[in-house]
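Residues take their numbers from the sequence shown, with the count starting at 1.
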Amino acid sequence: MPGGETVIQDGKVISAFEMSPGSQQVFLQVENRGFFTQNEASIRFDGLPNDITVEVTPETQKIKAHNIGTYSATFTVGSNVSSGKYQITMVVYSPNGMFNKATFEFIVQ
């Protein structure tokens, strides 16, 4: 599947996201490279360790073909999370199924 998602931190595209315990907001851009509008497009994160939560807003949105949707994600890292690197996969899906994904390193300091 071609890449279409980027993780944006402070206006820059990143392949690794570093965080200490606490909360931090990032913006995610999702490109619909298909020929059909994706209604109710949502994001989930696979591979997050226990005690890391993420709240994505909006929960769903309509992304027209060849357009980009922007989401806000607030990651919260609990104090029990071990320092280290975790491979996280951001999955973008709609009721029609997954239409893209991106994998990045989530680094807990």
Side-chain angles (χ1 to χ4, degrees):
M1 216 171 257
E5 284 65 58
T6 53
V7 179
I8 307 295
Q9 181 180 16
D10 299 328
K12 296 178 183 173
V13 177
I14 59 170
S15 60
F17 179 60
E18 294 183 19
M19 234 187 116
S20 298
S23 294
Q24 185 170 341
Q25 180 184 36
V26 296
F27 292 97
L28 310 169
Q29 291 186 328
V30 176
E31 182 177 0
N32 178 2
R33 294 184 176 195
F35 293 100
F36 302 100
T37 296
Q38 295 290 342
N39 293 306
E40 299 179 39
S42 300
I43 297 176
R44 75 170 189 261
F45 294 87
D46 294 343
L48 284 174
N50 292 335
D51 211 19
I52 295 180
T53 59
V54 61
E55 182 179 336
V56 178
T57 55
E59 285 186 25
T60 65
Q61 66 178 294
K62 177 189 260 185
I63 306 175
K64 294 182 178 181
H66 306 292
N67 278 284
I68 294 174
T70 300
Y71 295 81
S72 168
T74 301
F75 289 89
T76 302
V77 176
S79 58
N80 296 326
V81 178
S82 298
S83 296
K85 297 178 181 181
Y86 302 90
Q87 286 292 115
I88 307 300
T89 301
M90 180 175 74
V91 178
V92 186
Y93 63 98
S94 71
N96 297 328
M98 179 182 72
F99 66 90
N100 224 322
K101 66 181 179 178
T103 300
F104 62 96
E105 258 186 3
F106 192 96
I107 302 167
V108 177
Q109 300 173 340

Can you check whether Phe35 reaches His66 side chain to side chain, under 4.5 Å on heavy atoms?
-> yes

Does some side-chain heavy atom of Ile52 sit less than 4.5 Å from a side-chain heavy atom of Val108?
-> yes

Over all heavy atoms of both residues, which pair between [X] and [Y] is shortest? Give the atoms and the distance, please.
X	Y	result
Pro21	Ser79	CB-CA, 4.4 Å
Ala65	Gly34	CB-O, 3.2 Å
Ala41	Ser94	CA-CB, 4.4 Å
Ser20	Val77	O-CB, 4.0 Å
Asn100	Glu31	ND2-O, 4.3 Å

Once rounded to the nearest 0.5 Å, what's the spacing between atom [atom1] of [X] and atom [atom2] of [Y]?
X	Y	atom1	atom2	value
Thr74	Gln24	OG1	CD	9.5 Å
Lys62	Gln38	NZ	CD	11.5 Å
Thr76	Met19	OG1	CE	6.0 Å
Arg33	Ile68	CZ	CD1	9.0 Å
Asn32	Thr37	CG	OG1	7.0 Å
Phe27	Tyr71	CZ	OH	14.0 Å

Who are the ring pair (Phe, Tyr, Trp, His ring centres under 6.0 Å) partners of Phe75, not counting sequence neighbours?
-> Phe17, Phe45, Phe106

Assess whether atom CD of Glu59 is packed by more than 12 heavy atoms of other residues, nucleotides or ligands within 6.0 Å.
-> no

Please output the side-chain donor-acceptor pairs of residues 80-91 that fall under 3.5 Å, not counting sequence neighbours, one pair per line with the distance.
residue: Tyr86; atom: OH; partner: Ser82; partner atom: O; Å: 2.7
residue: Thr89; atom: OG1; partner: Thr103; partner atom: OG1; Å: 3.2

Could you note down all residue pairs passing side-chain hydrogen bond (donor to acceptor under 3.5 Å, both in side chains) where residues 47-58 supplies at least one of them, sequence neighbours left out?
-> none

